[in-house]
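Below: one structure, written as structure tokens.
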Protein chains: 2
Amino acid sequence: MGTIRQDIHSSAIPVVCRECEARHGGICSALEPAELLRLGRHARRREVPAGTELVSAGLPVDTYANILSGVVKLTKLLPDGRQQIVGLQFAPDFLGRPFAGSSSVGAVAASTVRLCVFPRAELEDMARQSHPLEHRLYAQSLRELDDAREWMVILGQKSASQKLASFLLLLGTHIDPTVDGFSDVIDLPWTRADIADFLGLTIETVSRQLTRLRNAEIISIEKNRHVTVLNYPALTTEAGI
Amino acid sequence: MGTIRQDIHSSAIPVVCRECEARHGGICSALEPAELLRLGRHARRREVPAGTELVSAGLPVDTYANILSGVVKLTKLLPDGRQQIVGLQFAPDFLGRPFAGSSSVGAVAASTVRLCVFPRAELEDMARQSHPLEHRLYAQSLRELDDAREWMVILGQKSASQKLASFLLLLGTHIDPTVDGFSDVIDLPWTRADIADFLGLTIETVSRQLTRLRNAEIISIEKNRHVTVLNYPALTTEAGI
DNA sequence: CGGGCGATTGACGGAGGTCAAGTTTAGTGG
DNA sequence: CCACTAAACTTGACCTCCGTCAATCGCCCG
């Protein structure tokens, strides 16, 4: 009985959503088939290379998106040209700042990113009507808030080496959504400059601390981007728990 | 006609809510009279002195609250005893972290704080049923997220003097909810240690930077706690815009 | 092969943390 | 009202960490 209803429903959902990675984890899981159909009509898939500016800080936004794969960095620019990365988003996160004319942060693809894009008005309209959808959005913003505050501690209190270790720990636990625990092989989708922006350091300090961790045989680095964590306990100690 | 209905409604709302400061700005403004009545039945007003621990990080929470007056600081503790203040809340903010068994942050009264406390289960139940209420909660979390990211920039990129200036600007625009713009007389509800924790500095550095601003005649300080902004443009320049 | 970008490494200096007096403020008891 | 005290704040001396500047190396791509 339950399965039959499921089948009827799944046959009613849009074709693009059938095999979608964000269908179950993302905000779409809060939608009824009819709603999914409505949003699906306006949704468009898009794949963008690393470095693509998805949202510009201060500029009006007229689309939102789900992240299907890849990493998006949220940045804030300072008048002098420096930038601070204020958040990272992974699949199947929702990308956008609902109910504000413009975003106060910029969003840039940190790796090749696949998105499911839909018009702003459509989603906001649906959020106003669908309580489960808004609940889902709310839950994500609470998670982002927890993350942001976690990073405030790192930015405010930790030394350069602790920042680096914390950063690697974060990546290991988030970068591969298929692995549940900690993944000890990390392909950095960032340059040293990005890491520096994220941690509030300079590229030189990032570089120095990475070589320090390598010399201590806590990590190994190949071709600048491929990091393997050799000694996980030591890394947590470095991070200052 | 409209006024008559208003009067009927207002006579149906709980007595405690009649004259409530949070009635219109806070989450209660999203509630129907019947809902207000339900929540009001379980609500209790409470006044606590500065320093009272309202929520302990990691411990389960069974109540939420509206802030009626005063300032609440949200803190995160490090293993070594240092702390980072990750947020400030003012009236009529909602205080709590819905849909999580425990809070990842601690909440401490930074001044005398008056609260309207209600049971956790009651509010979560209502949020599940009332879309406008959840929308209100969502809107606040988005605002907090924006604030948190704003502070990440300050923590990550700014110098000690810029941090102090930014801090004073923040306070001037938030501390007195009755003043709409910038209030140039600020009664700090904090010790230097609190300010240091907020800015990721030490008390000595905070003290030095404050005397520097005083010597530059940008601010004046009386009896440690009473700050007057003498030169607002200069303060914004100090803050690095 | 050479130009360019990113990363590494070194030398140096300054901002801010640490340690250690003093000073002011607020609270307490006589 | 005035000592006395504790806590909060200020100020100074010193030193460390990290940012700045600069040279070099390694890799990729034309």
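To find a chain, count down the sequence lines: A is the first, B the second, and so on, and within it residues start at 1. What you see is a predicted model; the values in this text were computed from it and never measured.
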Can you check the [X] [atom1] to [N] [atom2] distance for me, whole Å?
| X | N | atom1 | atom2 | answer |
| --- | --- | --- | --- | --- |
| B:I195 | D:dC9 | CD1 | C1' | 11 Å |
| B:L199 | C:dG16 | CG | P | 12 Å |
| B:E222 | C:dT24 | CD | P | 16 Å |

Do [X] and [Y] have side-chain heavy atoms sitting under 4.5 Å apart?
| X | Y | result |
| --- | --- | --- |
| A:F94 | A:L137 | yes |
| A:L54 | A:V72 | yes |
| B:L230 | B:I219 | no |

Aromatic plane relationship, A:Y232 with A:F182 - under 30° parallel, 30 to 60° tilted, over 60° perpendicular = tilted
Decide yes or no on ring-ring contact (aromatic ring centres under 6.0 Å, His included) for B:F198 and B:W190, but give the supporting numbers first.
-> CA-CA 10 Å; B:F198 193 65; B:W190 292 281; 7.2 Å; no
Under a 4.0 Å heavy-atom criterion, the protein footprint on nucleotides 12-28 of chain D, written with B, S and -, is BB----SSBB------S
Taking all non-hydrogen atoms of both residues into account, name the closest pair between A:P49 and A:A109 and its distance.
-> O-CB, 3.7 Å
In terms of heavy-atom contacts, A:E144 and A:Q89 come closest through OE2-NE2, 3.1 Å
With five pairs defining each end axis, the helix from C:dC1-D:dG30 to C:dG30-D:dC1 comes out bent, to 10°, by 40°
Between A:D146 and B:R97, does a salt bridge (Lys or Arg N to Asp or Glu O under 4.0 Å) hold up when you go through it step by step?
-> CA-CA 10 Å; A:D146 287 343; B:R97 166 64 167 90; 2.8 Å; yes
Distance test, side-chain N/O of A:T211 to OP1/OP2 of C:dT9, below 4.0 Å = yes
Short side-chain N/O contact from A:R225 to OP1 or OP2 of C:dG6, under 4.0 Å = no
